[in-house]
Colleague: 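Mind looking over this structure? Questions follow.
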Protein chains: 2
Amino acid sequence: MKKSQKKLSASLEALKKAEQICDSNGLKLTKLRKQVLNLIWKKSGYVKAYDLLDELKKVDPSAKPPTIYRTLDFLMENGLIHKIQSLNAFIGCPHPDEHNECYFLICDRCQMIEECCSKKISNVVSSTSKNSNFIPSKVTFEIAGTCQNCLN
Amino acid sequence: MKKSQKKLSASLEALKKAEQICDSNGLKLTKLRKQVLNLIWKKSGYVKAYDLLDELKKVDPSAKPPTIYRTLDFLMENGLIHKIQSLNAFIGCPHPDEHNECYFLICDRCQMIEECCSKKISNVVSSTSKNSNFIPSKVTFEIAGTCQNCLN
DNA sequence: AATATAAATGTTATATTATAACATATATGT
DNA sequence: ACATATATGTTATAATATAACATTTATATT
């Protein structure tokens, strides 16, 4: 299977899941939101908001910063994408139907980001939070470095 | 001991450590760098770059964004402060002499941030990285939520 | 269907965060 | 004393993000 096909199916898969999630939660996956989610999935790695805006402008010249940021907010609120805080960038979530504590492996050389889930993370978060009598609500866990591919 | 005294001593302590570290590493803790580090420690929680700039301007009216950002870069590179990625904010490091994998407990209600170190974190990072054949270089681990004080 | 209400999008303006590029000053080594 | 490196000063602008208000579209109710 070619890479373009792989990307295509990941994108379609993501759209399908997004539709399911929105359907079952009474959320509206509007044309704009679909377009933006699609643009995010078209990129192989992460996307910056203004790059996304430029892409969107190609099909909707009236798009402006709030167009993108509002849509990104919606997609984030509903777990369909994530913000990578250390890069001010965004990436599609491959498993929006599960809500685990996740972390990101971010390659400094290529723009690939691997999203991983691990019980270990949630365990560390809850145990360390308990130690400090802290009630956690949002976890940001990003590991930058060099990925497998780029090591060769 | 009053809170202001506690803050003062933490600030003095931090300055002392910074001087030691710079001394033993051939780094120059210049007047500007000291001033900025001091301003960071004066605040009880985290600081934003432009707030810091406003403070600095009070004693050095010619200060400009690069003044602050360059100084913050120096302080970060040498482990004297940390950037909180999820807030675009900065905070002094209470133990710049040790270099552990740390995480931050960030209270949404007050502006307090607790920096914690835990072997568990480094273990999770190294084990999960190994699973993905990933060589980690920089870890961002921030947990937002509600702190002990604000729960009452 | 007509109307009220809520949700989404459009639009203008501006706030916030950060860096590039080049000039000058200060410290350091020879 | 001079060359070199490091730090700071300065101007300009890039990159990221949101506030505030207008308009449109969807939804619920009568």
Side-chain angles (χ1 to χ4, degrees), chain A residues 18-19 22-23 25-40 43 46-78 80-91 111 140 142, chain B residues 18-19 21-40 43 46-78 80-91 111 140 142:
Chain A
E19 266 161 5
C22 289
D23 268 12
N25 291 83
L27 302 166
K28 277 173 282 188
L29 193 62
T30 61
K31 185 183 161 201
L32 174 63
R33 289 165 178 173
K34 258 186 233 175
Q35 284 174 322
V36 172
L37 188 55
N38 241 316
L39 289 174
I40 292 171
K43 295 275 169 180
Y46 60 77
V47 209
K48 307 285 285 183
Y50 276 74
D51 291 343
L52 215 42
L53 178 55
D54 289 340
E55 288 302 310
L56 184 59
K57 274 179 175 166
K58 289 179 186 169
V59 296
D60 175 3
S62 76
K64 292 177 183 58
T67 316
I68 281 295
Y69 280 102
R70 278 197 292 233
T71 306
L72 290 173
D73 283 346
F74 171 87
L75 297 172
M76 279 191 286
E77 273 164 21
N78 299 295
L80 302 172
I81 64 170
H82 296 292
K83 179 169 186 180
I84 305 298
Q85 301 287 355
S86 55
L87 295 173
N88 292 324
F90 302 86
I91 191 161
Q111 297 199 310
T140 300
E142 301 169 4
Chain B
E19 267 162 4
I21 286 169
C22 289
D23 267 10
S24 52
N25 290 84
L27 302 165
K28 278 173 281 190
L29 194 61
T30 60
K31 184 183 161 201
L32 174 63
R33 289 165 178 171
K34 258 186 233 175
Q35 284 175 324
V36 172
L37 188 55
N38 240 316
L39 289 173
I40 292 171
K43 295 275 169 179
Y46 59 77
V47 208
K48 308 285 284 183
Y50 276 76
D51 291 344
L52 215 41
L53 178 56
D54 289 341
E55 289 302 310
L56 184 60
K57 274 178 173 164
K58 289 179 186 168
V59 295
D60 175 3
S62 76
K64 292 180 183 58
T67 315
I68 281 295
Y69 280 103
R70 278 198 292 232
T71 306
L72 290 173
D73 283 345
F74 171 86
L75 297 172
M76 278 191 286
E77 273 163 20
N78 298 296
L80 302 173
I81 64 169
H82 296 291
K83 178 169 188 181
I84 305 298
Q85 301 287 354
S86 56
L87 295 173
N88 293 323
F90 302 86
I91 191 160
Q111 298 198 309
T140 301
E142 300 170 4

Colleague: For the atom pair CD1 (A:Ile40) and CG (A:Leu80), what is the distance rounded to the nearest 0.5 Å?
Modeller: 9.0 Å
Colleague: Restricting to non-hydrogen atoms, name the atom on A:Ala49 and the atom on A:Ile68 that form the minimum distance, rounded to 0.1 Å.
Modeller: O-CG2, 3.7 Å
Colleague: Taking salt bridge (Lys or Arg N to Asp or Glu O under 4.0 Å) as the definition, give me every residue that meets it alongside A:Lys31, ordered by chain and number, with sequence neighbours left out.
Modeller: none
Colleague: Heavy-atom nearest nucleotide on DNA chain D for A:Lys83 versus B:Phe74: which residue maps closer to 5'?
Modeller: B:Phe74
Colleague: Check B:Lys28 against B:Phe74 and note the closest heavy-atom contact, atom names and distance.
Modeller: O-CZ, 3.7 Å
Colleague: What residues, two or more places apart in sequence or in another chain, satisfy side chain to side chain donor-acceptor pair (under 3.5 Å) together with B:Asp54?
Modeller: none
Colleague: Five pairs per end, C1' atoms only: what is the angle between the end axes of the helix from C:dA1-D:dT30 to C:dT30-D:dA1, to 10 degrees?
Modeller: 30°
Colleague: Under the salt bridge (Lys or Arg N to Asp or Glu O under 4.0 Å) rule, collect the residues that match up with B:Glu55, sequence neighbours excluded.
Modeller: B:Lys58
Colleague: Would you call B:Gln85 and A:Thr140 a side-chain contact if the rule is heavy atoms closer than 4.5 Å?
Modeller: no
Colleague: Check each residue of residues 47-62 of chain B for a non-hydrogen atom within less than 4.0 Å of any atom in DNA chain C, then write out the ones that pass by number, or none.
Modeller: B:Lys48, B:Tyr50
Colleague: Nearest whole Å is fine: how far is D:dT18 C1' from B:Asn88 CG?
Modeller: 13 Å
Colleague: Among residues 25-39 of chain A, which ones have heavy-atom contacts with DNA chain C below 4.0 Å?
Modeller: A:Lys28, A:Thr30, A:Leu32, A:Arg33
Colleague: If the condition is salt bridge (Lys or Arg N to Asp or Glu O under 4.0 Å), which residues does B:Lys57 pass it with, not counting sequence neighbours?
Modeller: none
Colleague: For DNA chain C, note the earliest and the latest nucleotide, 5' to 3', having some atom under 4.0 Å of a heavy atom belonging to chain B.
Modeller: C:dT17 to C:dT28
Colleague: Apply salt bridge (Lys or Arg N to Asp or Glu O under 4.0 Å) to A:Lys48 and list each qualifying residue two or more places apart in sequence or on a separate chain.
Modeller: none
Colleague: The criterion is side chain to side chain contact (heavy atoms under 4.5 Å, CB included); which residues satisfy it with A:Ser62, sequence neighbours excluded?
Modeller: A:Asp60, A:Lys64
Colleague: Restricting to side chain to side chain donor-acceptor pair (under 3.5 Å), what partner residues turn up for A:Glu142, sequence neighbours left out?
Modeller: A:Ser86
Colleague: Quick one, A:Leu32 and A:Leu56 - any side-chain contact, counting heavy atoms below 4.5 Å?
Modeller: yes
Colleague: Could you check how far OH of B:Tyr69 sits from P of D:dA14, rounded to whole Å?
Modeller: 17 Å
Colleague: Could you check how far CG of A:Leu87 sits from P of D:dT16, rounded to whole Å?
Modeller: 10 Å
Colleague: Going by side chain to side chain donor-acceptor pair (under 3.5 Å), name the residues that satisfy it together with A:Asn38, two or more places apart in sequence or in a different chain.
Modeller: A:Ser11
